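Structure, as structure tokens:
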Amino acid sequence: MGLFSGREVSILGAGMYVPERIMTNDDLSKMVETSDEWIRERTGIRERRIARDDELTSDLAYNASLVALKDSGVLPSELDMVIVATNTPDTLFPGVAPKLQGKLKASRAGAFDVQSGCTGCIYAITVAVSGIACGLWNKVLVVGAEVLSRIINWQDRNTCVLFGDGAGALVLGPSLSGQGHFISAELRSDGARSDLITLPGGLIEHPASEETLREGLHYVHMKGNDVFKFVNRLLPSFLKKMVQTAGYQSDQIDWWLFHQANLRIVEGVLRRLDVDMDKAFVNLDRYGNTSAASIFLALAELFDSVNLVKGQKLVLSSFGAGMTYGAILYEM
Ligand code: ACO
């Protein structure tokens, strides 16, 4: 893994959608033994969005995609591929991407889901960029969408305070002269730590049964503190090397967009990289951890709120169930 070659690939448009309903830390403290103070101090999260009962992951993905397509000026009929990163598909099959492709009437496009924990966003974008760079595809819609609120045990304070629902989308295509482009990507996995974040029930290993229901195996299980240590130990040197491979030093990166899981993780990683916190874009305070949607939400809000200048460099980086992790370097 390393530098992209072939045609240069640009972000042509970005968009996001979050459900209307806001759940605050105070709301949570009425449901489990926790407090606004604990959640803010340990995670940085203040509130998160929760999908309506009739809203599906494919609906969130559709709403975000409409915004990104409009932003890019690309029509659904021009898309060659629709890729959705999600850990909460409406159903195991069909996937979210084919449903989205159908809803958008993207009649020429193929469609598939990427499921790789929160890092699914980095994997999905990398596959999209590679497909365009080598000439296989021209225009690709790549989406991160999650309705995590339906796979969370709302009685487990170790997990329920962390997650939220949302979707973000990017339209990618070959660069025209003067447009920004993807420089490099690095995708990794440490499957030996696959026990850290799991949803074990309802499939092949533990088919749905009264017992899996009773034991709550259909919910997210996470060894939070072990994830915290794993990430803090691994990410700084991984990112430093990733940036160096592309010919830069950490202090030459203008914006760091981390998986929006925990503010203490963002602070810890940047401290070890010797980079100021004002180089990080953070919106986890308003959305919590939206897993594979998280980087997409951060990018859409960065593009909306910051006047980015040509030549500025962004690092997108995530980690999650697997344990998978990865990063992408983009130049505006
Ligand atoms: N409110 C109050 N107390 C709590 C809560 C809560 N919501 N949750 C846990 N506690 C308690 C624990 O029970 C524990 O109590 P004890 O000492 O009496 O046993 C104490 O707080 C400390 O618990 P820790 O787990 O050690 O707390 P920590 O500082 O590690 O923070 C947290 C926990 C926020 C989960 C942190 O470890 C974290 O963010 N980890 C990373 C998780 C993550 O980023 N996951 C991303 C991947 S998710 C994916 O891929 C789908």
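In listed order, ligands and their atoms are each counted from 1. Since the model is a prediction, treat every value here as computed from it, not as a measurement.
Of all heavy-atom pairs spanning S175 and H181, the tightest one is OG-CB, 3.8 Å.
For the residue pair N87 and E146, a side-chain donor N or O sits within less than 3.5 Å of a side-chain acceptor on the partner. Donor-acceptor pairing under 3.5 Å is lacking for the side chains of Y330 and Q312. Between the side chains of Y17 and E55, a donor-acceptor pair is found at a separation under 3.5 Å.
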Steps toward side-chain contact (heavy atoms from CB on, under 4.5 Å) verdict (L79, W137):
CA-CA 8 Å; L79 294 172; W137 308 320; over 6 Å; no

With a cut-off of 3.5 Å and sequence neighbours excluded, list every side-chain donor-acceptor pair involving residues 62-70.
from : atom 1 : to  : atom 2 : distance (Å)
N63  : ND2    : D59 : O      : 3.4
S65  : OG     : A61 : O      : 2.6

Please give the N or O to N or O pairs under 3.5 Å between ligand 1 and the protein, distances rounded to 0.1 Å.
from     : atom 1 : to   : atom 2 : distance (Å)
ligand 1 : 1 (N)  : T34  : OG1    : 2.6
ligand 1 : 3 (N)  : W38  : NE1    : 3.4
ligand 1 : 3 (N)  : R157 : NH1    : 3.4
ligand 1 : 7 (N)  : T34  : OG1    : 3.1
ligand 1 : 7 (N)  : R157 : O      : 3.0
ligand 1 : 13 (O) : R157 : NH2    : 3.1
ligand 1 : 26 (O) : N225 : ND2    : 3.4
ligand 1 : 27 (O) : R42  : NH1    : 3.2
ligand 1 : 29 (O) : R42  : NH1    : 2.7
ligand 1 : 29 (O) : R264 : NH2    : 2.9
ligand 1 : 30 (O) : N225 : ND2    : 2.7
ligand 1 : 31 (O) : R264 : NH2    : 3.4
ligand 1 : 37 (O) : G224 : O      : 3.1
ligand 1 : 39 (O) : N262 : ND2    : 2.7
ligand 1 : 40 (N) : G224 : O      : 2.9
ligand 1 : 50 (O) : A321 : N      : 3.1

